[in-house]
Amino acid sequence: MTVRQADADDAVSGVRPRWVALPESVEEIAAVLRGCAERDLAVVPAGGGTKLHWGRPPERCDVLLDMCCMNEIIEHAAGDLVVRAQAGVTMDALAAALADKGQELALDVPFSEGATVGGTLAAALPGPRAFRYGTARDLLIGITVVLPDGTIAKSGGKVVKNVAGYDLGKLFTGSYGTLGVIAEATFRLHPLPADRRWITARLDRAALPPIAAALAASQAEPSAVEIDWPRPDGPLTLAVLVEGTAAEARAEALRQVIGAGTVGAERPAWWGLIERDDVLVEVRFPPSDTAAVLDAAATTGMALRGSPVSGRVLLESWRAIEEEELAAAVSGLRERVEEAGGRVNVLAAPYAGVERWGQVSGLPLMRRVKERFDPGRMMSPGRFLGGI
């Protein structure tokens with residue numbers, strides 16, 4: 001294992017660690033955490049670094065645990081459609097290895113390169129095909145984690161040690177590194193589809209909600225329905241993915257549902273990607289309230305991208321935005337979205353005065369879980385909602 005002095009490039013949301021540790025095994029992760037626990041040092045796990053500025057800045061960060069050396073695909077049971085990989089494996093490398101066997105992990109990552117298995121689980125941002133295949137929590141069937149005291153725990157298949165009463169996979173997915181370190185993960189795979197087609201169409205905002213509802217209910221079974229709306233005062237682009245057998249015919253049937261557009265084999269350049277995340281706002285909502293959410297999002301002046309059928313969109317600011325303006329935009333958006341039964345989460349922002357999560361009914365339970373796993377508050381302290 002390598003340990004080096006941290007530099008400015010290792011900062012987590014502006015908080016610079018003192019050291020960077022690069023473990024090469026689960027046992028070395030455990031050794032680092034035991035040593036940090038004994039010395040009351042705060043630890044922040046890192047994968048490809050693509051989302052280290054998401055969440056709140058940590059209250060303190062003594063050691064950055066860089067997982068780049070944990071980059072092996074441990075086992076690929078192609079006959080069982082299962083893969084087990086270390087947390088530092090990049091999603092691109094995993095996709096390439098699985099594609100050689102005609103399989104895939106149906107998790108779409110929002111960056112073209114750098115995202116890792118561990119970081120994808122820790123942030124748990126759904127991609128376009130979550131509509132058909134589910135989220136990271138749904139595709140994860142086993143996990144190995146290292147708890148803050150250095151205990152190695154496993155959940156799911158081939159269990160060696162469990163933490164009684166807890167589903168570790170579900171707890172650690174979306175935890176932003178606040179409960180421990182994800183070391184390995186086992187996923188359920190799918191065969192690569194025989195064919196893919198995308199339908200793309202330009203629509204007015206008012207036309208989208210009934211079309212999205214019809215697409216979601218269609219027997220042509222789209223794998224994903226996404227929109228790209230760069231300017232609230234302009235039209236939006238609707239893109240629909242069809243995978244598998246008879247993709248061309250099914251895509252044509254969905255094009256007729258839309259009443260416009262073209263069918264092609266090329267993915268839209270913007271599909272599923274985050275292009276600028278200095279400021280990034282996530283909105284989750286019941287799909288039946290798409291119209292209300294679009295109306296609310298239009299007041300922010302931000303670009304919108306996401307899925308009306310899954311009830312999940314992201315807002316990006318493509319211009320510099322001051323703290324007061326952003327805080328007011330988020331507050332107004334949150335009020336209107338919560339009236340429609342949804343939630344607004346500020347995933348990334350450079351300002352401390354912007355309320356990131358709003359009211360969360362499950363916060364007391366989440367705090368008890370944090371206390372159970374990390375009573376010393378050494379794992380990414382303060383990065384998650386409620387200061388967890």
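Quick caveat, the model's predicted, so the values are computed rather than measured.
- By the 4.5 Å side-chain criterion applied to Ile, Leu, Val, Met, Phe, Trp and Tyr, F111 is assigned to a cluster that also includes W54, L125, Y176, I274, L280, L314, L347, W357, V360, L363, M366, F384, L385, I388.
- For the pair R84/T144, no side-chain contact is recorded, criterion being any heavy-atom separation below 4.5 Å from C-beta on.
- Summarising the geometry, atom OH belonging to Y133 is positioned 11.5 Å from atom CG belonging to L107; distances are rounded to the nearest 0.5 Å.
- S317 is listed as a side-chain neighbour of R319, based on a closest heavy-atom distance under 4.5 Å.
- Shortest non-hydrogen contact noted between A340 and P286 is O-CD, 3.6 Å.
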(request) Give the intermediate values and the outcome of salt bridge (Lys or Arg N to Asp or Glu O under 4.0 Å) for residues R188 and D138. (result) CA-CA 9 Å; R188 176 166 54 93; D138 301 307; over 6 Å; no
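- Linking ILVMFWY residues whenever their side-chain heavy atoms come closer than 4.5 Å, directly or via other members, places L22 and V12 in the same cluster.
- Alongside I74, the hydrophobic cluster contains no other residue (criterion: ILVMFWY side chains under 4.5 Å).
- To the nearest 0.5 Å, atoms CD1 (I258) and CD1 (I199) are separated by 5.5 Å.
- R56 places no side-chain N or O within donor-acceptor distance of the main-chain N or O of G387, the cut-off being under 3.5 Å.
- Although no hydrogens or angles enter the test, the distance criterion places a donor-acceptor pair under 3.5 Å between the side chain of D66 and the main chain of C68.
- At least one side-chain heavy atom of V26 sits under 4.5 Å from a side-chain heavy atom of M70.
- Note on D195 versus R250: no salt bridge recorded, every NZ/NE/NH1/NH2 to OD/OE distance being 4.0 Å or above.
- Within a 6.0 Å sphere centred on CD of E355, other residues, nucleotides and ligands contribute more than 12 heavy atoms.
- Cluster membership check: L64 does not share its hydrophobic cluster with M379, using side-chain heavy-atom separations under 4.5 Å among Ile, Leu, Val, Met, Phe, Trp and Tyr.
- Counting heavy atoms from C-beta on, the side chains of L254 and P222 come closer than 4.5 Å.
- Contact record, A329 with T300: O-CG2, 4.1 Å, taken as the closest heavy-atom pair.
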(request) Before giving the answer on side-chain contact (heavy atoms from CB on, under 4.5 Å), spell out for V63 and M378 the whole-Å C-alpha distance, their side-chain angles and the decisive distance to 0.1 Å. (result) CA-CA 10 Å; V63 177; M378 62 173 280; over 6 Å; no
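- Between R312 and E226, at least one side-chain nitrogen of the basic residue sits less than 4.0 Å from a carboxylate oxygen of the acidic one, meeting the salt-bridge criterion.
- When all heavy atoms of P58 and C61 are compared, the closest pair comes out as CG-CB, 4.2 Å.
- Judged as a side-chain hydrogen bond (donor to acceptor under 3.5 Å, both in side chains), and not counting sequence neighbours, D7 has no contacts.
- Distance check, rounded to the nearest 0.5 Å: CZ of R197 to CG of L241 gives 11.0 Å.
- A salt bridge is defined here as a Lys NZ or Arg NE, NH1 or NH2 lying under 4.0 Å from an Asp or Glu carboxylate O, and D10 with R4 meets this definition.
- Checked against salt bridge (charged side-chain N to carboxylate O under 4.0 Å, His left out), E323 has no partners two or more places apart in sequence or in another chain.
- Counted within 6.0 Å of CD on E59, heavy atoms from surrounding residues, nucleotides or ligands total more than 12; the atom is thus considered enclosed.
- Between V83 and L105, the closest side-chain pair of non-hydrogen atoms is not below 4.5 Å.
- R276 meets the salt bridge (charged side-chain N to carboxylate O under 4.0 Å, His left out) test with D278; sequence neighbours excluded.
- Considering every non-hydrogen atom in both C69 and Q86, the closest pair reads O-OE1, 4.4 Å.
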(request) Take R255 and E252 through the test salt bridge (Lys or Arg N to Asp or Glu O under 4.0 Å) and record every step on the way to the result. (result) CA-CA 5 Å; R255 192 194 68 79; E252 179 57 33; 2.9 Å; yes
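- L81 is connected to I143 through a chain of hydrophobic side-chain contacts under 4.5 Å among Ile, Leu, Val, Met, Phe, Trp and Tyr, so both are in one cluster.
- Under the 4.5 Å side-chain criterion, counting only non-hydrogen atoms from C-beta, T116 is not in contact with M67.
- Panel note: side chain D167, backbone K170; a donor-acceptor pair is recorded below 3.5 Å.
- Under the 4.5 Å side-chain contact rule for hydrophobic residues, V313 and V109 do not share a cluster.
- A heavy-atom distance below 4.5 Å is not found between the side chains of R39 and D62.
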Could you pull out all donor-acceptor pairs under 3.5 Å where a side-chain atom in residues 260-272 meets a protein atom, sequence neighbours excluded?
| unit_1 | atom_1 | unit_2 | atom_2 | d |
| --- | --- | --- | --- | --- |
| T262 | OG1 | T200 | OG1 | 3.4 |

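- When L236, L203, V309 are each tested for a side chain to side chain contact (heavy atoms under 4.5 Å, CB included) with I227, only one passes: L236.
- Hydrophobic clustering of Ile, Leu, Val, Met, Phe, Trp and Tyr side chains at less than 4.5 Å, counting indirect connections, keeps V283 apart from L273.
- The two residues G244 and P193 make their nearest non-hydrogen contact at N-CB, 3.7 Å.
- Taking CG from D228 and CZ from R202, the interatomic distance works out to 9.0 Å, rounded to the nearest 0.5 Å.
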(request) Please step through side-chain contact (heavy atoms from CB on, under 4.5 Å) for the pair H76 and L189, ending with a clear verdict. (result) CA-CA 10 Å; H76 179 200; L189 305 175; 3.5 Å; yes
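- At least one side-chain heavy atom of L215 sits less than 4.5 Å from a side-chain heavy atom of I211.
- For the atom pair L41 CG and L33 CG, the distance stands at 10.5 Å (nearest 0.5 Å).
- In terms of heavy-atom proximity, R129 sits nearest to A106 at NH2-CA, 3.6 Å.
- For R343 (side chain) and V337 (main-chain N/O), no donor-acceptor pair under 3.5 Å exists by modelled atom type.
- With R137 contributing its side chain and A124 its backbone, the two residues share no donor-acceptor pair below 3.5 Å.
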(request) Check the pair V344, E338 against side-chain contact (heavy atoms from CB on, under 4.5 Å), reporting the backbone distance first and the verdict last. (result) CA-CA 8 Å; V344 173; E338 288 181 349; 5.9 Å; no
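- Without hydrogens or angle criteria, S380 side chain to R383 main chain gives no donor-acceptor distance under 3.5 Å.
- With S307 contributing its side chain and V225 its backbone, the two residues share a donor-acceptor pair below 3.5 Å.
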(message) Checking F187 against V117 for the side-chain contact (heavy atoms from CB on, under 4.5 Å) test, could you report, in this order, the C-alpha distance in whole Å, the side-chain angles of both residues, the deciding distance, and whether it holds?
(response) CA-CA 10 Å; F187 295 99; V117 166; 3.8 Å; yes
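- E28 places a side-chain N or O within 3.5 Å of a backbone atom of E24 that can act as its donor or acceptor partner.
- In this model, no donor atom of one side chain and acceptor atom of the other lie less than 3.5 Å apart for D92 and T90.
- Atom-to-atom distance recorded for D374:CG and D149:CG is 9.5 Å, nearest 0.5 angstrom.
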